[in-house]
Each structure stands twice: as C-alpha cells, then as structure tokens.
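Here the structure is laid out as structure tokens; the discussion comes afterwards.
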Amino acid sequence: MIPVRFREYAVAGTAFVVSICSLFIYIYQSKIMSEQQQVAAWPYVEWYTNNVNGYKLAVQNKGIGPAIVRNVSMKVDGKALGSNRELMDAVMGRDNQIAWVNAEVRDRVMSAGETTEILAIADPAQARQFQARLAQRKFELLITYCSIYGRCWTSSGFKITRASDDSSTMY
C-alpha cells in the first residue's frame, strides 16, 4: 500500500507538470497566432514599366495588407535623383519637350491591390524615345515599405528583400 502522503505529492506533482505543459502550449499558440496576424496584413510592393499606349512606370501593392511607403530612391548611372523631373532631365536633357505626368508614393499608405503610375508619357513617339534612352542608362528604383506591424522590405522591381524593421509602427 502506498502511503497517503506520497499519493498527495504524486497528485500535486502531476498537476504541476500539467500546468507547466499548458503554459508552454499557450505561449506557443500565442506565437503562432501573432505570426498569422502579421501574414494576414502582409504588403508586397513591386514596381514595373509598361510600354503599351505610351510609357508608364507604376508601383503596385500585390499583398493582402496596406503598405506604408517609407522611402523611394532613384538613381541613373549611380547618381541619386530626388524627383521624376530630375529623372527626365538626366535621361532626356534639361531642355526636353516631353509631356509627362507624375505621382508620388513616398510617405503614403498604399492599400492592398492599389496601383499608382508614378511616371506616365502618353505620346507613343515620345514614350519610345524616352524608353530607348533610359535603356542605355543604368536605372535603379528602390522602394522601402512597411506593414502595419513594422516589418519592412525593399522592392527593386520584382525582387523584394527584408529591410530593417520600423519601430514607429501604426499598430
């Protein structure tokens, strides 16, 4: 026969082990739920060009969550440019007569599925001229954006890389 005192310790020890196991399971489930929340709000920003009916340089959020655009940097032949006007001047010369439209995505929130044309040339002849000259240069466009949870990435077209996370998140 097992002494009563030993049985009490065995029951208490078993309850303690079960409690500790429950705690670890709860912590693990919380971690999984947090990751699922972040994936459910994952932005995926790409930029691309289109030469159908003119020339367009567009940015699209193909993700399922909003993208907080933190920075946009543009370079032609290694020289940093601050605007689309500087891009046009670098590619076509300061006295160019090309009619173009421009939009800004820096410091904006792009909703899931949103597309913004940041540079558009409607005239087909001018578009071909611009595209031909741009093709002779080394053009770089980097867009750094973050999710509402502060995870950040940099898009260089269709290639996305992790960037340092943002501590000033909205959520």
Side-chain angles (χ1 to χ4, degrees), residues 24-94 96 98 100-122 127 129-171:
F24 283 112
I25 290 170
Y26 175 75
I27 291 170
Y28 181 69
Q29 281 183 320
S30 295
K31 182 178 182 271
I32 289 173
M33 288 175 63
S34 174
E35 290 173 3
Q36 285 176 334
Q37 280 182 317
Q38 291 183 29
V39 169
W42 182 48
Y44 191 87
V45 174
E46 293 179 344
W47 66 265
Y48 61 92
T49 60
N50 180 337
N51 63 359
V52 177
N53 298 325
Y55 179 85
K56 295 176 180 94
L57 175 59
V59 176
Q60 181 178 25
N61 180 1
K62 295 176 78 176
I64 55 177
I68 304 163
V69 181
R70 295 290 186 211
N71 190 37
V72 177
S73 65
M74 204 174 346
K75 292 181 183 180
V76 170
D77 297 332
K79 180 184 177 211
L81 305 173
S83 67
N84 287 340
R85 164 54 60 202
E86 290 181 22
L87 172 64
M88 293 300 289
D89 291 347
V91 174
M92 302 303 294
R94 287 193 165 271
N96 74 76
I98 292 183
W100 54 281
V101 177
N102 112 82
E104 184 68 51
V105 293
R106 179 181 293 128
D107 296 326
R108 282 191 43 211
V109 176
M110 293 184 70
S111 61
E114 181 179 350
T115 300
T116 301
E117 293 177 357
I118 59 175
L119 176 70
I121 302 170
Q129 182 183 19
F130 175 78
Q131 187 174 11
R133 288 193 183 174
L134 184 63
Q136 296 171 353
R137 315 293 287 275
K138 183 179 180 201
F139 175 67
E140 296 176 64
L141 176 61
L142 300 176
I143 300 171
T144 301
Y145 62 96
C146 302
S147 73
I148 59 172
Y149 293 105
R151 287 195 171 173
C152 300
W153 299 267
T154 298
S155 170
S156 59
F158 297 114
K159 183 180 179 195
I160 311 297
T161 55
R162 278 295 305 243
S164 60
D165 289 343
D166 186 5
S167 61
S168 63
T169 60
M170 292 180 62
Y171 188 70

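Position 1 is the first residue of the sequence; numbering continues from there. Computed over heavy atoms, backbone and side chain alike; hydrogens, waters and symmetry mates excluded.
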* For residues Met110 and Val59, report the shortest heavy-atom separation together with the two atoms involved. => CE-O, 3.6 Å
* Taking the side chain as C-beta and beyond, is there a heavy-atom pair between Leu57 and Leu141 under 4.5 Å? -> yes
* With sequence neighbours left out, write down each residue that passes side chain to side chain donor-acceptor pair (under 3.5 Å) with Gln131, or none if nothing qualifies. => Asn51
* Asked: Minimum heavy-atom separation for Ile121 to Ala127, with atom names?
  -> CG2-N, 3.7 Å
* **Arg70 (side chain) donor-acceptor with Cys152 (main chain) under 3.5 angstrom** => no
* Check side chain to side chain donor-acceptor pair (under 3.5 Å) between Arg162 and all other residues, then give those that pass, not counting sequence neighbours. => Asp165
* Calculate, to the nearest 0.5 Å, the distance between atoms CD and OH belonging to Gln29 and Tyr26 respectively. => 9.0 Å
* Donor-acceptor pair, side chain of Arg106 and main chain of Val72, under 3.5 angstrom -> yes
* **Pairs involving residues 60-91, ordered by first then second residue, that meet ring-ring contact (aromatic ring centres under 6.0 Å, His included) (sequence neighbours left out)** => none
* Asked: Are the side chain of Trp47 and the backbone N or O of Ile143 linked by a donor-acceptor pair below 3.5 Å?
  -> no
* Are side-chain heavy atoms of Arg108 and Thr116 found at a separation under 4.5 Å? -> yes
* Asked: Do any N or O atoms from the side chain of Ser155 and from the backbone of Val45 form a donor-acceptor pair under 3.5 angstrom?
  -> yes
* Can you measure from OG (Ser73) to CD (Glu140) and round to the nearest 0.5 angstrom? => 8.0 Å
* **Spacing of Met88 atom CE and Leu119 atom CG [to the nearest 0.5 Å]** => 6.0 Å
* Structure fact -> In terms of heavy-atom contacts, Ile68 and Ser147 come closest through CD1-O, 3.8 Å
* Structure fact -> One should read off an interatomic distance between Glu46 CD and Ser156 OG, to the nearest 0.5 angstrom, of 10.0 Å
* Could you pull out all residues at least two apart from Arg133 that satisfy side chain to side chain donor-acceptor pair (under 3.5 Å)? => none
* Asked: Distance-only, no hydrogens or angles: does the Asn61 side chain make a donor-acceptor pair with backbone N or O of Tyr44 under 3.5 Å?
  -> yes
* Sorted by first residue and then second, give each ring-ring contact (aromatic ring centres under 6.0 Å, His included) pair with at least one member in residues 53-82; sequence neighbours left out. => Tyr55-Phe130
* To do: Taking all heavy atoms of Ile118 and all of Asn84, pick out the closest pair and write down the distance.
  => O-ND2, 2.6 Å
* Asked: For Glu117, what residues pass the salt bridge (charged side-chain N to carboxylate O under 4.0 Å, His left out) criterion, not counting sequence neighbours?
  -> none
* Structure fact -> Closest non-hydrogen atoms of Gln60 and Thr115, given as atom of the first, atom of the second and distance, are CG-OG1, 3.3 Å
* Asked: At their closest point, which heavy atom of Leu134 faces which heavy atom of Phe139, and how far apart are they?
  -> CD1-CB, 3.8 Å
* So, do Glu86 and Lys79 sit near enough that their side-chain heavy atoms are less than 4.5 Å apart? -> no
